[in-house]
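Below: one structure, written as structure tokens.
Atoms within a ligand are numbered from 1 in the order they appear, just like the ligands themselves.
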Amino acid sequence: MALLRSVVVGCGAYLPETIVTNAALAERGIETSDEWIVQRTGIRQRHIAGPDETTSVLGTKAAQAALDEAGLSPADIDLVICATSTPDHTFPSTATQIQAALGIEGGFAFDLQAVCAGFVYAVATADRFLSTGGAKRALVIGAETFSRIVDWEDRTTCVLFGDGAGAIVLEARENDASDRGVLTSCLRSDGRHRSKLYVDGGPGSTGTTGKLRMEGREVFRFAVGSVTDVIEEAFRTSGTTADDLTWFVPHQANRRIIEASADKLGIAREKVVLTVDRHGNTSAASIPLALAAARSDGRIKEGDLVMIEAIGGGFTWGAALIRW
Ligand SMILES: CC(C)(COP(=O)(O)OP(=O)(O)OC[C@H]1O[C@@H](n2cnc3c(N)ncnc32)[C@H](O)[C@@H]1OP(=O)(O)O)[C@@H](O)C(=O)NCCC(=O)NCCS
């Protein structure tokens, strides 16, 4: 039997209309400045969801945009994975709410929680189902409303995050000379780092949602020092190098982390897709949002070799190499 590959056939995104600039945060009474935020993180603005814009609402719009680009209808989808740490409810899953909102009646849907690494985990998971015949077409979504779990009294964290959603459609196709599809993925986690980035509540502990807490310097150090291992492994297992990459689309948390990682790996700066300036850190949504931005402005084209990579709370981290 021919080898099945998970090929990207559509990509889309949705951002809430409300844009909040760094200056607007300072005007709201947060003791910060545009200069401090830009210099430390590269972030200039973020989108913030309105009261009725839940994670499933954002995710549904991104998923619809991805289906439109693919020229597919919801009925063509038999797997929905939503990577999120800000689900509408503890249960049912946000993925099932998106499935229902799109009118998908078959297949199966579930949420995947690996914080900012969620989208990479979701791509790797969907790829396992598609490449083994467990599903034919998957919507892989990253959707978040982090504005609801940041502590707006804590300037060290609240300035960093934003809301949004992005999605891709993966289709199982027999591998051919085009070599398109998810070529490899590499996932890691190390739960000993829990205290460096976590939410101080939950249904099974406090019975509340809780707020995001972070030791920024520790996260920064780990992100720059350790996450390159998964990228190097993805290069090794696929027999590619940094020179072969067309685009590097990392999790958009901090411009300094992104550039330091690219430099360490020998990835040329012009291959790095950056959206952190416009979106802030949208956690699991950041990579598909960046993919959709680079797709819609004509940078990512069919046949391009694209590396996605992320690190999130846990810590969790991972990379996937995709021939678009
Ligand atoms: C959060 C981060 C930007 C902070 O940058 P930093 O250079 O480490 O800054 P520090 O935390 O050491 O703080 C430096 C000073 O700025 C102050 N500061 C913190 N937040 C501030 C803000 N929003 N505006 C102005 N000043 C601020 C601090 O209070 C501190 O003041 P002090 O020296 O008087 O105590 C940086 O650590 C970072 O990006 N970490 C990674 C975070 C991340 O990406 N997380 C998500 C991963 S998925």
Checklist entry - What do you think, any protein heavy atom under 4.0 angstrom from atom 40 (N) of ligand 1? => result yes

Next on the checklist: How far is atom 47 (C) of ligand 1 from the closest protein heavy atom, and which atom is that?
Outcome noted: Val219 CG1, 3.6 Å

Item to check | Nearest heavy-atom neighbours spanning Ile149 and Thr209 | outcome: CG2-CG2, 3.9 Å

Checklist entry - Does the pair Glu171/Arg137 count as a salt bridge with the N-to-O cut at 4.0 Å? => result yes

Next on the checklist: Taking the cut-offs as 6.0 angstrom to the six-membered ring centre and 45 degrees off its axis, would you call Arg217 and Phe220 a cation-pi pair?
Outcome noted: no

Checklist entry - Would a 4.0 Å cut-off, counted as strictly less than, catch a protein heavy atom around atom 33 (O) of ligand 1? => result no

Checklist entry - Quick one: does atom 8 (O) of ligand 1 have a protein heavy atom under 4.0 Å from it? => result yes

Checklist entry - What are the two closest non-hydrogen atoms of His193 and Phe222, and how far apart are they? => result NE2-CE1, 3.8 Å

Checklist outcome for this item: For atom 14 (C) of ligand 1, the closest protein heavy atom turns out to be Arg40 NH2, 3.5 Å

Next on the checklist: Less than 4.0 angstrom from a charged side-chain N to a carboxylate O is my criterion; do Asp154 and Lys211 meet it?
Outcome noted: no

Next on the checklist: Taking distance alone, with N or O pairs closer than 3.5 Å, would you say Gly216 contacts ligand 1?
Outcome noted: yes

Checklist entry - Near Ala253, which atoms of ligand 1 are under 4.0 Å from a heavy atom of that residue? => result 44 (O)

Checklist entry - So, for Thr240 and Leu305, which heavy atoms are closest and what is the spacing to 0.1 Å? => result CG2-CD2, 4.1 Å

Checklist entry - Which protein heavy atom lies closest to atom 46 (C) of ligand 1, and at what distance to 0.1 Å? => result Asn281 ND2, 3.5 Å

Checklist entry - Closest non-hydrogen protein atom to atom 30 (C) of ligand 1, residue and atom name please, with distance? => result Arg155 NH2, 4.7 Å

Checklist entry - Shortest non-hydrogen contact from Gly164 to Ala285? => result O-CB, 3.3 Å

Item to check | Winner among Arg217, Glu35, Glu218, His251 once heavy atoms are compared against atom 12 (O) of ligand 1 | outcome: Arg217

Next on the checklist: Within ligand 1, which atoms have a heavy atom of Val159 less than 4.0 Å away?
Outcome noted: 23 (N)

Checklist outcome for this item: min-distance protein heavy atom vs atom 3 (C) of ligand 1 -> Thr41 CG2, 3.7 Å

Checklist entry - Between Arg5 and Glu174, does at least one N-O distance fall below 4.0 Å, as a salt bridge requires? => result no

Next on the checklist: Please work out, at 4.0 Å between heavy atoms, whether the side chain, the backbone, both, or neither of Met214 comes within that distance of ligand 1.
Outcome noted: side chain

Next on the checklist: If we set the cut-off at 4.0 Å for heavy atoms, which region of Thr32 has an atom near ligand 1: side chain, backbone, both, or neither?
Outcome noted: both

Checklist outcome for this item: Ranked by distance from atom 4 (C) of ligand 1, the top protein heavy atom is Trp36 CH2, 3.8 Å

Item to check | Under-4.0 Å heavy-atom contact between protein and atom 44 (O) of ligand 1 | outcome: yes

Checklist entry - Which pair of heavy atoms, one from Leu245 and one from Ile267, lies closest together, and at what distance? => result CD1-CD1, 3.9 Å

Checklist entry - Can you list the atoms of ligand 1 that are under 4.0 Å from a heavy atom of Ile311? => result 48 (S)

Checklist entry - Which atoms of ligand 1 have any heavy atom of Asn254 under 4.0 Å away? => result 38 (C), 39 (O)

Item to check | Residue part near ligand 1, for Ile30, under 4.0 Å between non-hydrogen atoms | outcome: neither

Item to check | Stepwise side chain to side chain donor-acceptor pair (under 3.5 Å) test for Asp243 and Thr241 | outcome: CA-CA 5 Å; Asp243 289 339; Thr241 68; 4.5 Å; no

Item to check | Thr156 contact mode with ligand 1 (heavy-atom cut-off under 4.0 Å) | outcome: both

Checklist entry - Between Glu232 and Arg236, is there a side-chain N and carboxylate O pair less than 4.0 Å apart? => result no

Checklist entry - Looking only at heavy atoms, which two atoms of Ala114 and Thr316 are closest? And how far apart? => result O-OG1, 2.9 Å

Next on the checklist: Only heavy atoms of Glu31, strictly under 4.0 Å: list the atoms of ligand 1 that pass.
Outcome noted: 24 (N), 25 (C)

Item to check | Cys116: numbered ligand 1 atoms lying under 4.0 Å from its heavy atoms | outcome: 48 (S)

Next on the checklist: For Lys136, is there an ion pair with Asp76 - N to carboxylate O distance below 4.0 angstrom?
Outcome noted: no

